[in-house]
Amino acid sequence: MTDRRRFLQASLLAAGAAAVPRLRAASASNGARVVSTWDFGVGANRAAWKVLGSGGSALDAVEAGARWAESDLCNPTVGRCGNPDRDGVLTLDASIMDGDGRCGAVAALEDIAHPVSVARAVMEKTPHVMLVGAGAQQFAVAQGFEKTPLLTDQARQAWREWLKTSRYAPQINAERQARPGDKTNHDTLGILAIDANGRLAGACTTSGMAWKLHGRVGDSPIVGAGLYVDNEVGAATASGVGEEMVRNAASFLVVELMRQGRSPADACREAIDRVVRKRPEASKTLQVCFLAMNKAGEVGAFALHRGFVYAMQDGSPGPHDRLHDSASVYQTEQT
Ligand code: SD4
C-alpha cells in the first residue's frame with residue numbers, strides 16, 4: 001500500500017467515533033480537571049491537583065504542574081535535566097496563559113531552573129509577552145530567581161555521545177525511551193486546567209529539541225503555536241517537532257476549530273491533517289501531538305504517529321492518575 005493510501009485509510013479510520021477519545025467532564029471537584037502531555041504528565045497533574053483540588057486557580061495549578069516537570073531529575077527533555085543544544089548549552093523555553101488572554105513566555109533561557117515561573121513573571125510584571133536569551137535571564141535574576149548551572153553530568157555525557165555522529169535527526173516518540181539519552185530528542189510538558197470557577201489556563205515547558213542549533217526556538221514559548229487558551233472556548237497545547245506547530249499556528253488553530261463547534265478530539269485531528277497536507281513527506285518521519293480541553297471540560301487529543309499518551313486528573317473516585325492513548329494518523333509506531 002502506498003504511504004498516501006495508508007494515510008488516507010488511517011485518517012478515515014481515525015475519524016470513526018471509536019477511535020476518537022472524547023472524555024466528558026464528570027469531575028468529583030466541581031468540574032475541575034487537569035490534563036498533561038506524556039507519561040510524566042501524571043506527576044505534573046498530581047502537583048497541579050494539589051492546587052485545583054483545594055479550590056485553587058487553574059493558573060496556579062498549571063504553574064505548579066509545570067514546575068514539577070521542570071524539577072524532575074529523570075526527564076531529559078524538560079527543565080533542569082534537559083539535553084543541551086549542539087554546542088552543549090542547555091536552553092529552556094516556556095509559556096503560560098490564562099483564559100483572559102494574559103500570557104507570558106521565555107525562550108532560550110539559560111541557568112534558571114523554573115522557566116515557567118519566569119514566564120509568569122513576564123506576564124504579571126512587565127508590559128511584554130516574551131523575553132529571550134540574556135535579557136530573559138537578566139530579568140529573572142532581577143526578579144530574584146537564582147542563577148545556577150543546570151547541565152547535568154548525564155546530559156553532558158549524552159551530548160558527548162551525540163557529538164560522535166553530530167546528526168540532527170529527531171526520532172518519533174523518542175521521548176518515551178529512557179536515558180541513557182543518546183536517542184531522546186524531543187519532548188515537552190503541555191498542561192491545561194479548568195478550575196472550580198470554570199476558568200481555564202495552560203502552560204508549556206521544554207528544553208526543546210536536543211542537539212538543536214544554538215538559538216533555535218520551538219513552538220512551546222510561542223503563544224498560539226505551543227499553547228493557546230481562551231475562556232470563551234477552551235485550551236490547546238502541543239508536543240513534537242515545534243517547527244510544524246509554528247508553521248500552522250497550531251494551538252490557536254485547535255482553539256478556533258473548537259470555537260466553530262468541533263469537539264476537542266476533532267479539532268486536534270483537523271490540525272494534524274493540516275500538518276500532513278502542508279508537508280506530506282516530512283510528516284511521515286516526525287511526531288506532532290495536540291491535546292485540547294474545551295470550556296465544558298471535555299478533553300481530546302490527536303497525533304501524527306501512534307504512541308502519544310496524555311494524563312488526566314479530575315479527582316474522581318477510582319484511579320486518579322490515568323493515562324490515555326491518543327488516536328493518530330499513522331498507526332504504526334515508527335521508532
Ligand atoms: C520543541 N515542541 O521545542 C518542542 C519539543 C517537543 O516533543 O515537544 N517535543 O519543538
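What you see below is based on every heavy atom in this structure, not just the backbone, and it leaves out hydrogens, waters and symmetry mates. Whatever order the structure lists them in is the order used to number ligands and atoms, beginning at 1. Because the structure is a prediction, the values reported are computed rather than measured.
- If you look at Q287 next to ligand 1, there are no close heavy atoms at all, none under 4.0 Å.
- Contact annotation for A238 and ligand 1: no heavy atom of the residue comes within less than 4.0 Å of the ligand.
- Screening P264, C268, S263 for a side chain to side chain contact (heavy atoms under 4.5 Å, CB included) involving D266 leaves a single residue, S263.
- Close N/O approach between D219 and ligand 1 is found [any backbone or side-chain N/O within under 3.5 Å].
- Rounding to the nearest 0.5 angstrom, the gap separating the CE atom in M245 from the OG atom in S251 is 7.5 Å.
- For a threshold of 3.5 Å applied to N or O pairs, the pair formed by G208 and ligand 1 contains no separation below that value.
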When you look at K212 and E243, which way does the salt bridge (Lys or Arg N to Asp or Glu O under 4.0 Å) test go after all the steps?
CA-CA 12 Å; K212 61 195 174 187; E243 281 75 6; over 6 Å; no
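- For ligand 1, the polar-atom distance check finds no N/O of D93 at less than 3.5 Å from any of the ligand's N/O atoms.
- Taking only nitrogen or oxygen atoms, main chain and side chain alike, R216 reaches within less than 3.5 Å of ligand 1.
- Between the side chains of S57 and R199, no donor N or O sits under 3.5 Å from an acceptor N or O.
- Of all atoms in ligand 1, numbered sequentially from 1 with element shown, those under 4.0 Å from a heavy atom of S220 are 2 (N), 4 (C).
- Ring geometry for F252 against Y228 counts as perpendicular: the plane angle is over 60°, on a 0 to 90° scale with 30° as the lower cut.
- In terms of polar-atom proximity, defined here as any N/O pair under 3.5 Å, E243 makes no such contact with ligand 1.
- No hydrogens or angles considered: nothing links the side chains of S220 and D93 as a donor-acceptor pair under 3.5 Å.
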